[in-house]
Amino acid sequence: MLVAGLFLFTTAQSAWAQATLLNVSYDVTREFYKDYNPAFAAYWKSRTGKTVTINQSHGGSSKQARSVVDGLQADVITMNQANDIDILAERGKLIPADWARRLPHNSAPYTSTTVFMVRKGNPKFIRDWDDLVKPGVSVIIPNPKTSGNGRYSYLAAWGYVVRKGGNEQSARDFVGKLFGNVPVLDAGGRGATTTFVQRGIGDVLLTFENEVFLIEKELGGESFEVVYPSASVLAENPVSIVDKVVDKRGTRKVATAYLEYLYSEEGQVLAARHYFRPRDAKVLARHQATFKKLDLFTIDDVFGGWKKAQAVHFNDAVCSIRFTRSNRESSCSTWLRKEMVEAGD
């Protein structure tokens with residue numbers, strides 16, 4: 001009996017000393033969190049003496065967020081737009097509505113921006129947004145219905161027109177022409193990269209800055225070039241614990257520490273090494289050669305925030321743009337659903 005009791009106590013103590021977390025994230029953070037997770041686990045072990053194992057789930061940001069609302073037991077969610085975390089509060093009642101106030105910079109520890117990747121030599125002479133709408137230019141963008149990456153590309157193009165003095169109609173026409181040059185819409189950013197890099201489709205890929213750097217690093221810069229447009233959007237990448245899950249699983253303390261550590265010097269350095277723009281000014285200054293200075297505008301600046309942008313540009317019932325494909329005009333939602341089917345989503 002004594003031996004059995006000791007065994008049960010030891011087993012319970014071992015379980016208490018270990019924890020697991022699930023981080024549900026978007027497509028192009030795989031490499032970053034592959035390095036960040038063991039760094040945090042080592043920090044947590046040194047601080048508490050406890051072991052933590054972090055599991056990852058990646059995909060198109062909006063699809064990932066919906067999976068959490070539908071029951072995927074994420075302890076933390078690390079997205080590329082606030083809108084995909086807001087739905088956890090609005091639809092799932094999984095987090096408080098003011099979740100963004102819990103951590104600095106509206107709970108966005110690092111940022112990125114939308115840039116262009118072209119084939120070596122830039123055969124279509126793509127230099128800025130206007131070049132993307134020219135006849136004969138094939139543009140690869142992930143699906144704005146399922147991907148925050150795609151939404152940022154859409155809004156970056158719209159904002160470019162508005163900031164040049166264009167009105168809503170001219171911005172609508174411009175973005176319509178842009179998506180008229182998109183042959184296929186993948187569900188997420190990594191799928192779009194595969195279409196452009198491995199399948200050889202398209203003249204230019206629109207994606208996050210960190211993704212193009214990773215492509216260059218992997219392929220040695222021999223096949224592609226990065227083009228920085230004259231202006232682009234600031235992609236703020238927010239994070240949150242999922243309150244109902246961490247309280248049920250007893251992981252609130254370690255999950256909160258996991259996100260707070262993103263703001264530490266080591267977390268910020270790791271973000272910069274993976275080509276995310278760090279919030280820490282000192283860390284950013286040490287990596288200034290990596291990150292080109294750009295005219296960056298925020299979603300708040302041009303669109304009044306993500307909730308307004310979602311309602312005006314991406315909700316099915318009020319989608320603001322009409323696309324032309326093969327001389328047929330159809331609504332945004334219908335066109336995007338068709339492309340999602342064609343892309344195998």
Side-chain angles (χ1 to χ4, degrees), residues 23-29 32-33 57-70 72 74-114 142-159 188-189 207-210 232-246 255-256 258-260 262-263 267 271 276-279 296-315 318-320:
N23 176 6
V24 173
S25 193
Y26 61 103
D27 244 349
V28 299
T29 58
F32 169 55
Y33 282 109
S57 173
H58 295 273
S61 60
S62 297
K63 289 182 67 178
Q64 290 288 86
R66 287 196 297 271
S67 294
V68 176
V69 171
D70 291 340
L72 181 61
D75 299 274
V76 300
I77 186 166
T78 55
M79 292 283 102
N80 57 35
Q81 59 172 19
N83 195 56
D84 281 334
I85 298 184
D86 282 335
I87 70 167
L88 272 65
E90 295 166 359
R91 300 184 192 176
K93 309 300 180 185
L94 298 173
I95 62 175
D98 63 349
W99 62 269
R101 298 181 182 179
R102 296 193 286 202
L103 291 169
H105 303 290
N106 290 319
S107 291
Y110 48 82
T111 69
S112 190
T113 187
T114 298
N143 195 328
K145 293 291 287 185
T146 56
S147 165
N149 194 328
R151 285 195 183 99
Y152 274 115
S153 294
Y154 173 112
L155 296 174
W158 189 288
T207 192
F208 292 130
E209 181 180 41
N210 65 291
S232 194
V233 65
L234 180 67
E236 298 177 285
N237 305 147
V239 301
S240 179
I241 61 169
V242 183
D243 294 70
K244 282 199 173 180
V245 174
V246 298
T256 299
Y258 178 80
L259 297 184
E260 290 175 342
L262 288 166
Y263 292 87
F276 291 102
R277 296 184 177 222
R279 293 290 199 176
L296 295 176
F297 55 87
T298 69
I299 301 300
D300 287 347
D301 290 339
V302 177
F303 303 96
W306 268 111
K307 287 186 178 180
K308 288 185 178 179
Q310 175 70 26
V312 171
H313 295 275
F314 305 114
N315 283 353
V318 291
C319 193
S320 68

Is the shortest heavy-atom distance from the side chain of Val76 to the side chain of Val239 under 4.5 Å?
-> no
Thr78 side chain reached by Asn237 side chain, heavy atoms, under 4.5 Å | no
Is the closest side-chain heavy-atom distance between Phe314 and Asn83 below 4.5 Å?
-> no
Would Tyr33 and His58 count as a close aromatic pair, with their ring centres under 6.0 Å?
-> no
Take Val24 and Ser67 through the test side-chain contact (heavy atoms from CB on, under 4.5 Å) and record every step on the way to the result.
-> CA-CA 9 Å; Val24 173; Ser67 294; 5.9 Å; no
Should Tyr258 and Asn23 be marked as a side-chain hydrogen bond (donor to acceptor under 3.5 Å, both in side chains) after you check the CA-CA gap, both sets of side-chain angles, and the distance that decides it?
-> CA-CA 10 Å; Tyr258 178 80; Asn23 176 6; 3.1 Å; yes
Do you know the tightest heavy-atom contact between Pro96 and Asp243?
-> CD-OD1, 3.3 Å
Straight-line distance of Thr146 OG1 to Asp84 CG, nearest 0.5 Å | 10.0 Å
When rounded to the nearest 0.5 Å, the distance separating OG1 of Thr114 from CG of Leu234 is 10.0 Å
Taking the side chain from Thr29 and the backbone from Phe32, do they hold a donor-acceptor pair closer than 3.5 Å?
-> no
Can you check whether Arg277 reaches Leu296 side chain to side chain, under 4.5 Å on heavy atoms?
-> yes
Measure across Ser61 and Gly148 and return the closest heavy-atom pair with its distance rounded to 0.1 Å.
-> OG-N, 2.6 Å
Side-chain heavy atoms of Pro109 within contact of Leu103, under 4.5 Å | no
Distance (rounded to the nearest 0.5 Å) between Lys307 NZ and Ile299 CD1 = 15.0 Å
Can you list the steps and then say if Tyr263 with His105 is a side-chain contact (heavy atoms from CB on, under 4.5 Å)?
-> CA-CA 10 Å; Tyr263 292 87; His105 303 290; 4.3 Å; yes
Flag the pair Glu236 and Arg279 as a salt bridge only when some basic side-chain nitrogen lies within less than 4.0 angstrom of an acidic carboxylate oxygen.
-> yes
Which atom pair, heavy atoms only, marks the closest approach of Lys93 to Lys244?
-> O-CE, 3.0 Å
Using a 4.5 Å cut-off on heavy atoms from C-beta on, say whether the side chain of Leu88 contacts that of Ile77.
-> yes
Note: Ser62 and Ser147 closest approach over all heavy atoms is OG-N, 4.3 Å
For the student: nearest non-hydrogen atoms of Asn315 and Lys145, plus distance | C-NZ, 4.5 Å
Side-chain H-bond candidate by donor/acceptor type, Asn149 with Thr207, under 3.5 Å = yes
Arg151 and Gln310, any side-chain heavy atoms less than 4.5 Å apart = yes
Here the gap from Phe208 atom CZ to Thr113 atom OG1, rounded to the nearest 0.5 Å, amounts to 9.0 Å
Shortest non-hydrogen contact from Val28 toward Phe276 | O-CZ, 4.1 Å
Straight-line distance of Asp86 CG to Trp99 CH2, nearest 0.5 Å = 5.5 Å
How long is the gap from CD1 on Ile95 to OG on Ser240, to the nearest 0.5 Å?
-> 4.0 Å
Do the side chains of Leu155 and Trp306 get nearer than 4.5 Å, heavy atoms only?
-> yes
